[in-house]
Structure formats: C-alpha cells, structure tokens
Amino acid sequence: MQPTSDEIYRTRKQFFNDHAEGWLNHCYRNPSTGRLDKHEKDFERLFSLLPLKPGDHVLDVGCGSGVLVPFLMERITESGLLYELDFAEKMIKVNRGLHERENITFIVADAENPPLDEACCDIVICFSCFPHFQDKVRAVTALARTLKPGGVFVVSHFDSSDGINRHHERCHAVMHDHLPDEAGMRALFRQANLSIEKYTDEAGFYCIIAGK
Ligand SMILES: C[S@@+](CC[C@H](N)C(=O)[O-])C[C@H]1O[C@@H](n2cnc3c(N)ncnc32)[C@H](O)[C@@H]1O
C-alpha cells in the first residue's frame, strides 16, 4: 500500500530529527583534514554568486544544524539579521547550541508557513532542502512573500538535479522527495512572481538565483 502524504511527511521529519546530532559531521567532515571543510570550494563558489552585504536580512530555509551560519554571518556582519528556519526541532536545537547570538533568530516552522512579516528579507536561501518541501508551490509562494521587492531567492545543492534525485531515491525516508526539472522549476518560480536570473545544473553544483 502507498503511504499517505501525512505518513511521508512524518517519516521525513522523523528522519531529520533523528540525524540532527551528527548531521554536520556526516555531511561536511573532511577525513583528510578532520575539519568541516569537505565542501569548502563549493561554498566559495556559491557565496561568490550571492549579493550579500553588511546589514542584510537573510532567511536560511531548511537550515538544519546551521552549516551556512558562519558564511552568512561573515557577510551580513553584526548589523544584519539571520533567520534560521527548519521544521525539525532537533536540528534547530543543535543549531542554536552551536550558533546562538543576538542577531540570529531560530524558528521551528514549515517552509510553507514561515512566521515572518511580508517583505522583511533581502535574501531567502534554500540550501540542500528544496526537494523535501511537500507542497512546492505553497512553499515558494510563502517564502517569496517574505522577500523585499528586489530581493533574491536562491535554491542550491552541491550536486546536479539528477544526482540529487538519485541520492534521494536510495534513502527510504526521503525517496519521494524530488527536485523538479528546469521547466518545472521555472513554472514554480513564475507562479510566485520570481524571475530566474541564473540557472546552473551541472555535475557537483546546482544553483538557481531569482529576483522578486
Ligand atoms: C538535507 S538537510 C540540509 C540541512 C542544511 N541546509 C545543510 O545543508 O546542512 C534538509 C533540511 O531541510 C529541513 N526541512 C525539510 N523539509 C522542510 C520543510 N518543509 N520546512 C522546513 N524545513 C524542512 C530538514 O529538517 C533538514 O534540516
């Protein structure tokens, strides 16, 4: 029997809660340096594409245990504001334990329902999480609402869309989680009144940058 969408949602959330403690080590530890720098070059590439500046307000969606926090804080500085949002409360607990500071707000919420004011963010970034959103039209529309006019919406992975989809198919808890193809992403963004300015989907790197 096929699982219901509620069962799929609960299984996915349980999976991320169960993996919160070891997430950074599991995904980012480089065995040859012992540091969390396995994707250093990819992060350099990603952040070279993002128009972040001191004072910016940024929403980091599906933030997990906060791998982006140091990169974002370095760019928005103490004068900026960072919202770390994830639906898995244990991810937020670990993230808060590692990164608590005055200008970071930790939020347990679904991407489809971010409890933020309209037009409060300069940048919304969905890093390594977009395929997991249950209703992608609702999520993109709700997240785009938090962007200021002229704000930037980013979706990124350190793999191609094919690579990401194959990876998820092999893991029971997220086997239904799919990154749409280019036409599908363009249609989703159009529905949310976002215009795609840069679309990259290649071996080892995926990035969409769109403007509001
Ligand atoms: C693959 S992990 C990536 C975490 C982090 N961005 C990183 O790269 O280390 C996906 C994250 O998205 C979160 N997530 C999945 N679906 C979500 C949703 N609908 N709303 C908010 N967060 C979600 C998960 O809890 C998990 O922390």
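Whatever order the structure lists ligands and atoms in, that order sets their numbers, starting from 1.
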task = Check each heavy atom of Ala139 against ligand 1 and say whether those closer than 4.0 Å belong to the side chain, the backbone, both or neither.
result =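 It is neither part, as no heavy atom is under 4.0 Å.
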
For ligand 1, the portion of Ala109 having any non-hydrogen atom under 4.0 Å away =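 The part of Ala109 near ligand 1 is the backbone, not the side chain.
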
Which residue owns the protein heavy atom closest to [atom], what's the atom, and how far is it?
{"atom": "atom 4 (C) of ligand 1", "value": "Gly62 O, 3.4 Å"}
{"atom": "atom 8 (O) of ligand 1", "value": "Tyr28 OH, 2.7 Å"}
{"atom": "atom 1 (C) of ligand 1", "value": "Ser128 O, 3.1 Å"}
{"atom": "atom 21 (C) of ligand 1", "value": "Phe87 N, 3.3 Å"}
{"atom": "atom 20 (N) of ligand 1", "value": "Ala111 N, 2.9 Å"}
{"atom": "atom 25 (O) of ligand 1", "value": "Asp86 OD1, 2.5 Å"}
{"atom": "atom 2 (S) of ligand 1", "value": "Trp23 CZ2, 3.4 Å"}

ask   = Is the ring centre of His168 less than 6.0 Å from the ring centre of His132?
value =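 So the answer is yes for these two rings.
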
key: Test of ring centre spacing under 6.0 Å for Phe87 and Phe133   =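 Aromatic pair excluded; centres sit 6.0 Å or further apart.
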
Numbered atoms and elements of ligand 1 in range of [X], under 4.0 angstrom, heavy atoms:
{"X": "His132", "answer": "1 (C), 10 (C), 15 (C), 16 (N)"}
{"X": "Met91", "answer": "27 (O)"}
{"X": "Val67", "answer": "7 (C), 8 (O), 9 (O)"}
{"X": "Ala88", "answer": "25 (O)"}

inquiry  = Check this for me, if you would: do Glu182 and Arg186 make a salt bridge, where the nitrogen-to-carboxylate-oxygen distance has to be below 4.0 angstrom?
reply    =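 Salt bridge: yes.
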
ask   = Does any donor atom in the side chain of Asp201 or Ser161 lie under 3.5 Å from an acceptor atom in the other side chain?
value =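 Indeed, the side chains of Asp201 and Ser161 share at least one donor-acceptor pair under 3.5 Å.
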
task = Using only heavy-atom distances, determine whether the side chains of Asp162 and Tyr206 contain a donor-acceptor pair under 3.5 Å.
result =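 There is no such pair (donor and acceptor under 3.5 Å, judged by atom type) between the side chains of Asp162 and Tyr206.
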
Within-4.5 Å side-chain heavy-atom neighbours: [X] and [Y]:
{"X": "Arg45", "Y": "Thr200", "value": "yes"}
{"X": "Leu59", "Y": "Cys120", "value": "no"}
{"X": "Phe15", "Y": "Asn17", "value": "no"}
{"X": "Ile107", "Y": "Pro115", "value": "yes"}

query = Any N or O on Asp110 sitting closer than 3.5 Å to an N or O of ligand 1?
reply =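 So ligand 1 has an N or O lying under 3.5 Å from an N or O of Asp110.
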
ask   = So is Phe127 polar-close to ligand 1, meaning N/O to N/O under 3.5 Å?
value =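 Yes: some nitrogen or oxygen of Phe127 is under 3.5 Å from one in ligand 1.
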
inquiry  = I'd like to know if Cys63 contacts ligand 1, where contact means a heavy-atom distance under 4.0 Å to any ligand atom.
reply    =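 The answer is yes, since Cys63 has a heavy atom less than 4.0 Å from ligand 1.
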
message = Does the Lys NZ or Arg CZ of Lys90 fall within the cation-pi geometry relative to Phe16 - under 6.0 Å from the ring centre and within 45° of the axis?
response =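 No, Lys90 does not sit over the ring of Phe16.
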
